[in-house]
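Everything numeric in this text was worked out from a predicted model, so none of it was measured.
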Amino acid sequence: MDLTRHLHTFGYYLKQRFGQTVHKLSLAGDFTCPNRDGTLGRGGCAFCNVRSFGRDAAELSISQQLAREKAKTDRARLYLAYFQAYTSTYAEVETLRALYDEATSAADVAGLCVGTRPDCVPDAALDLLAAYRDAGNEVWLELGLQTAHDRTQALIRRGHTLADYRDAVRRARARGLKVCAHLIVGLPGEGKADARATLDTVLDIGVEGLKLHPLMIVRGSRMAAQYRRGEVSPMALDDYADLAACLIHHTPPEVVYHRIAATAQAPTLIAPDWCGPRWAALQAIGQRLARDGGQGSALGREWRP
């Protein structure tokens, strides 16, 4: 199924921008996180695997990681360097500059995607990213909001608030940086109305891109213990696909969807099992978009019950 007929995908955006297929290459910059190093807490957010995000990769240089990731694909000749692991602005600006410089110095790297927390983007880091943008690089700041509800942020031990996100977006967009918000659907205590309110809030603040993720229970997380005790229940595939499609229907067509699902493999993945197969959620959401209308088709309408 061709999702680009119904969804403004990141792949389509990049092909329009560069005239060819562009792939993101995931990198680890040996960062940590204030929710791990004791600044805010230890052990990470409740949903996070404490051993996640490739600590082994961080032992390689950025150039070595790029070479390794490029070797995994033969479908692209142009790339974006994706600093994904942990909080990729959580360092002194000169440390960031050295890592980002090494990544963008490759002739076939067209820009940067930097994943971080809303409370870890000081002006100096934003100025640095804006400088790469001004030099002709494609630059995206990916902010892990997860939910617009502070009660849930506290429950999942996120360590920041919606106000932190709002402030980070304001300062990033003032510099002309593109922002991609990460949202998790199915967090404990949240229903459809909460997910809808989160989307409405993010769109109202202003955003250029979105990532939707179902809540996944992974080994090594606090939620793994909660799941074993029956305190957390991940969404069924049909419920997630219905809600994701509904959110997409209410998203303006110019917003770029970087991702609408997520996967993990055993033994890391505990639940739900449908997050193991790569295409299960994409096909289910695509079927609903083809049947009920694509991105933006419900703008101006009331949310359905």
- Between H149 and A197, which heavy-atom pair has the shortest distance, and what is it? CE1-CB, 3.8 Å

- Item | Interatomic spacing from CD1 in I285 to OH in Y240 - rounded to 0.5 Å | 5.0 Å

- Query: Could you walk me through whether R288 and D238 pass the salt bridge (charged side-chain N to carboxylate O under 4.0 Å, His left out) check?
  - Reply: CA-CA 10 Å; R288 286 156 173 79; D238 283 344; 3.3 Å; yes

- Task: Would you name the heavy atoms of A271 and P234 that are closest together and state the gap between them?
- Result: CB-CG, 4.0 Å

- Indicate the ring-plane relationship of Y13 and F10, choosing parallel, tilted or perpendicular according to the 30° and 60° boundaries. parallel

- R166 and T161: CA distance, side-chain angles, deciding distance, side chain to side chain contact (heavy atoms under 4.5 Å, CB included) verdict: CA-CA 9 Å; R166 192 184 298 273; T161 66; over 6 Å; no

- Nearest non-hydrogen partners of R133 and V139, listed with the distance: N-CG2, 3.6 Å

- Message: Between V179 and V256, is there shared hydrophobic-cluster membership here, with clusters defined by ILVMFWY side-chain heavy atoms closer than 4.5 Å?
- Response: no

- Query: Are any of the side-chain heavy atoms of P272 and P214 separated by less than 4.5 Å?
  - Reply: no

- Message: A side-chain contact here means heavy atoms from C-beta on lying under 4.5 Å apart; do S88 and V114 qualify?
- Response: yes

- With distance as the sole test, does T198 use its side chain to make a donor-acceptor pair with the main-chain N or O of D194 at under 3.5 Å? yes

- Item | Stepwise side chain to side chain contact (heavy atoms under 4.5 Å, CB included) check, F47 with M216 | CA-CA 7 Å; F47 55 80; M216 295 190 297; over 6 Å; no

- Where the side chain of Q265 meets the backbone of P277, is there a donor-acceptor pair that is under 3.5 Å apart? no

- Message: Does anything in residues 4-20 form a salt bridge (Lys or Arg N to Asp or Glu O under 4.0 Å)? List the pairs, not counting sequence neighbours.
- Response: R17-E138

- Task: First locate atom CZ of R77, then atom NE2 of H23, and finally report the distance between them rounded to the nearest 0.5 Å.
- Result: 10.0 Å

- Task: Starting from the C-alpha separation in whole Å, work towards a yes-or-no answer on salt bridge (charged side-chain N to carboxylate O under 4.0 Å, His left out) for D108 and K70.
- Result: CA-CA 10 Å; D108 54 1; K70 289 174 188 178; 2.8 Å; yes

- Query: Under a 4.5 Å cut-off applied to non-hydrogen side-chain atoms, are L210 and L199 in contact?
  - Reply: yes

- Query: Could you go step by step and tell me if I184 and I156 meet the side chain to side chain contact (heavy atoms under 4.5 Å, CB included) rule?
  - Reply: CA-CA 11 Å; I184 295 179; I156 63 177; 6.0 Å; no

- Message: If you define the side chain from C-beta out and look only at heavy atoms, does anything of L126 sit under 4.5 Å from L177?
- Response: yes

- Message: Can a side-chain donor-acceptor contact be found between D30 and Y86 if the only test is distance below 3.5 angstrom?
- Response: no

- Query: Among the clusters formed by ILVMFWY side chains lying less than 4.5 Å apart, do L3 and L237 turn up in the same one?
  - Reply: yes

- Rounding to 0.5 Å, atoms CZ (R158) and CG (D150) come to a distance of 12.5 Å

- Item | Greater than 12 external heavy atoms within 6.0 Å of E231's CD | yes

- Would you say F83 and S26 make side-chain contact, with heavy atoms under 4.5 Å? no

- Query: Out of curiosity, does L299 fall in the hydrophobic cluster containing V202 (side-chain heavy atoms, cut-off under 4.5 Å, transitive links)?
  - Reply: no

- Item | side chain to side chain contact (heavy atoms under 4.5 Å, CB included) between I260 and L282, intermediate numbers included | CA-CA 7 Å; I260 58 172; L282 295 181; 3.4 Å; yes

- From I62 atom CD1 to L25 atom CG, the distance as rounded to the nearest 0.5 Å: 11.0 Å

- Is the gap between the ring centers of W140 and Y82 under 6.0 Å? no

- Task: Check R75 against T73 and note the closest heavy-atom contact, atom names and distance.
- Result: N-OG1, 3.2 Å

- About how many Å separate CG of L27 and CZ of R68, when rounded to the nearest 0.5 Å? 9.0 Å

- Task: Give a yes or no on whether a salt bridge exists between K192 and D239, defined as a side-chain N under 4.0 angstrom from a carboxylate O.
- Result: no

- Task: Following the transitive rule for hydrophobic clusters with a side-chain heavy-atom cut-off under 4.5 Å over Ile, Leu, Val, Met, Phe, Trp and Tyr, establish whether L96 and Y90 coincide in one cluster.
- Result: no

- Under 3.5 Å, side chain of D2 to main-chain N/O of T4, donor-acceptor pair present? yes

- Query: Tell me, do M235 and L243 make a side-chain contact under 4.5 Å, heavy atoms counted?
  - Reply: yes

- Taking the side chain from H213 and the backbone from L183, do they hold a donor-acceptor pair closer than 3.5 Å? no

- Item | Heavy-atom pair of closest approach, residues L80 and C113 | CD1-SG, 3.8 Å

- Side-chain donor/acceptor of T87 to backbone N/O of T89, under 3.5 Å: no

- With a 4.0 Å cut-off, would you call R171 and D127 a salt bridge? no

- Joint hydrophobic cluster, L269 plus M223, side-chain heavy atoms closer than 4.5 Å: no

- Query: Heavy-atom distance under 4.5 Å between the side chains of I205 and L162, does that happen here?
  - Reply: yes

- Under 3.5 Å side-chain donor-acceptor pair for E190 and T152: yes

- Among R117, K24, K178, which one satisfies salt bridge (Lys or Arg N to Asp or Glu O under 4.0 Å) with E142? K24

- Message: Do Y257 and T251 pair up side chain to side chain, a donor and an acceptor below 3.5 Å, judged on atom types alone?
- Response: yes

- Query: Would you say the side-chain atoms of D292 pair up with the backbone N or O of L289, donor to acceptor, closer than 3.5 Å?
  - Reply: no

- Donor-acceptor pair, R175 side chain versus L129 backbone, under 3.5 Å? no

- Message: Could you measure the distance from the CZ atom of R219 to the OG1 atom of T268? Nearest 0.5 Å is fine.
- Response: 7.5 Å

- Check the pair Y132, D101 against side-chain hydrogen bond (donor to acceptor under 3.5 Å, both in side chains), reporting the backbone distance first and the verdict last. CA-CA 9 Å; Y132 288 101; D101 276 354; 2.6 Å; yes

- Does R301 use its side chain to pair, donor to acceptor, with the backbone of S297 at less than 3.5 Å? yes

- Is there a side-chain contact between K211 and C180 (heavy atoms, below 4.5 Å)? yes

- Could you go through the side-chain hydrogen bond (donor to acceptor under 3.5 Å, both in side chains) check for E254 and H8 one step at a time? CA-CA 7 Å; E254 65 271 17; H8 191 182; over 6 Å; no

- Exercise: identify the closest heavy-atom pair between G220 and A224: N-CB, 4.5 Å

